[in-house]
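Notes follow once the structure below has been shown.
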Protein chains: 2
Amino acid sequence: MTSTDNVIEPTSAWDPYSRGCPSRDVLDQIGSKWAVLVIGELGRRGPCRFTELRQAVGGVSEKMLTQTLRTLERDGLVLRTVYPEAPIRVEYELTALGQTLRGPLRALTEWSVENSAAVLAAREKYRAKTG
Amino acid sequence: MTSTDNVIEPTSAWDPYSRGCPSRDVLDQIGSKWAVLVIGELGRRGPCRFTELRQAVGGVSEKMLTQTLRTLERDGLVLRTVYPEAPIRVEYELTALGQTLRGPLRALTEWSVENSAAVLAAREKYRAKTG
DNA sequence: CGGAATCCGAGTCGATACTG
DNA sequence: CAGTATCGACTCGGATTCCG
């Protein structure tokens, strides 16, 4: 084994600017469209059922909500609990790890809310300049 | 100009949880894979040429870098300056608006660096449980 | 050097229909 | 209620080629 084979660098050296670094996958996933909204919503509502969540996150299809929740569950950010009643009840909530993402993601959504008017204006200017 | 022309609603009314809200497009764009890295890199390096940026952001293709930079320019986050020398030189840098995104995005990348090991571990556990 | 244009496969998205 | 299945439209992203 040479010095370049399978070397796992300490966490602090995980550099998302290097191709193939796992943190890049993670970054990509947590920044994705629906994940941001689902985490935000689970954060402010607490434990929450599928349909409730679907209504809260406007415009998400069943498929994408399921897919997003599965990925978040797999990544340890969301806990899925099945209550075997009749009819069956399933609740989703953030794990402790998921909770730590709320701050960063809220900063991002707040930025987009505060600055989307400026972005839209910039787009208009760009269109006027370039056609 | 009447009272209904060019009314900018108070920012707090733009809700990314509502389908069709423009802030959602913006949020999606600024959270996208390459945009996060490009903004981060432009932020710490300052004005920067295309090839330099391409090398700094490992694994990005010319096409995606071009596309990302165009979108960021269109959205008013990046300024593109052409110096008509020979050979031609083009520099990219963050606008004032782009600068305001550095903090939120850095928080996100730092989270992914600090927690990707935990996420990877969760994935391993999930695989073991479900197959 | 700094792109633009094109091709193309792989993957994503979303609507619809169906199931336990 | 909480999904799964399927399918077409669309997009992503790499490779290649060409331009000023």
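Residue numbers start from 1 in every chain, and the chains themselves are labelled A, B, ... in the order their sequence lines are given, proteins ahead of strands.
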> Quick one: Gln67(B) CD to dG2(C) C1', roughly how many Å, whole number?
Replying inline: 16 Å
> Base, sugar-phosphate alone, or nothing: which one does Arg80(B) contact when heavy atoms must sit under 4.0 Å apart?
Replying inline: sugar-phosphate
>> With rounding to the nearest 0.5 angstrom, report the CD to CG distance, Gln99(B) to Leu42(B).
In response: 9.5 Å
> Over how many whole Å does the gap from Leu69(B) atom CG to dG2(C) atom C1' extend?
Replying inline: 11 Å
>> Given 3.5 Å as the limit, does a donor-acceptor pair link the side chain of Thr95(A) with the main chain of Gly76(A), or not?
In response: yes
> How would you label the contact of Tyr83(A) with the nucleic acid (heavy atoms, under 4.0 Å): base, sugar-phosphate, or nothing?
Replying inline: nothing
> What nucleotide, of dG14(C), dC1(C), dG3(D), holds the atom closest to the side chain of Val90(A)?
Replying inline: dG3(D)
> Could you state the CD-P distance from Glu52(B) to dG2(C), rounded to the nearest angstrom?
Replying inline: 9 Å
> What nucleotide among dA2(D), dG2(C), dG3(C) has an atom nearest to a side-chain atom of Arg49(B)?
Replying inline: dG2(C)
> OP1 or OP2 of dC1(C) sitting under 4.0 Å from any side-chain N/O of Thr51(B)?
Replying inline: no
> To the side chain of Arg70(B), which of dA4(C), dA2(D), dT4(D) is closest?
Replying inline: dA4(C)
> Closest to the Glu62(A) side chain: dC13(C), dG3(D), dG2(C)?
Replying inline: dG3(D)
>> Measuring from the side chain of Lys63(B) (C-beta onward, heavy atoms only), which nucleotide among dG3(C), dG14(C), dA15(D) has the closest atom?
In response: dA15(D)
> Considering only dT4(D), dG13(D), dC1(C), which nucleotide approaches the side chain of Pro87(B) most closely?
Replying inline: dC1(C)
>> If you assign each of Arg89(A) and Asp28(A) to its closest nucleotide in DNA chain D, which residue comes earlier from the 5' end?
In response: Arg89(A)
> What does Gly59(B) touch in the nucleic acid at a heavy-atom separation under 4.0 angstrom: a base, only the sugar-phosphate, or nothing?
Replying inline: sugar-phosphate
>> Are the side chains of Glu93(A) and Thr81(A) in contact, using a 4.5 Å heavy-atom criterion?
In response: yes
> Would Tyr17(A) end up clustered with Leu101(B) when hydrophobic side chains under 4.5 Å apart are linked, directly or stepwise?
Replying inline: yes
> Separation of Leu65(A) atom CG from dC13(C) atom P, in whole Å?
Replying inline: 13 Å
>> Check whether Arg24(A) reaches the backbone of Pro16(A) with its side chain - one donor and one acceptor, N or O, closer than 3.5 Å.
In response: yes
> Rounded to whole angstroms, how far apart are NZ on Lys33(B) and C1' on dG13(D)?
Replying inline: 8 Å
>> Applying a 4.0 Å non-hydrogen cut-off, can you work out what Arg19(B) is touching in the nucleic acid: base, sugar-phosphate, or nothing?
In response: sugar-phosphate
> Closer to the 5' end of DNA chain C via nearest nucleotide, is it Thr66(B) or Met64(A)?
Replying inline: Thr66(B)
> For dG3(D), does OP1 or OP2 lie under 4.0 Å from any side-chain N or O of Arg54(A)?
Replying inline: no
> Of the nucleotides dG13(D), dG14(C), dG3(D), which has the atom closest to the Trp34(B) side chain?
Replying inline: dG13(D)
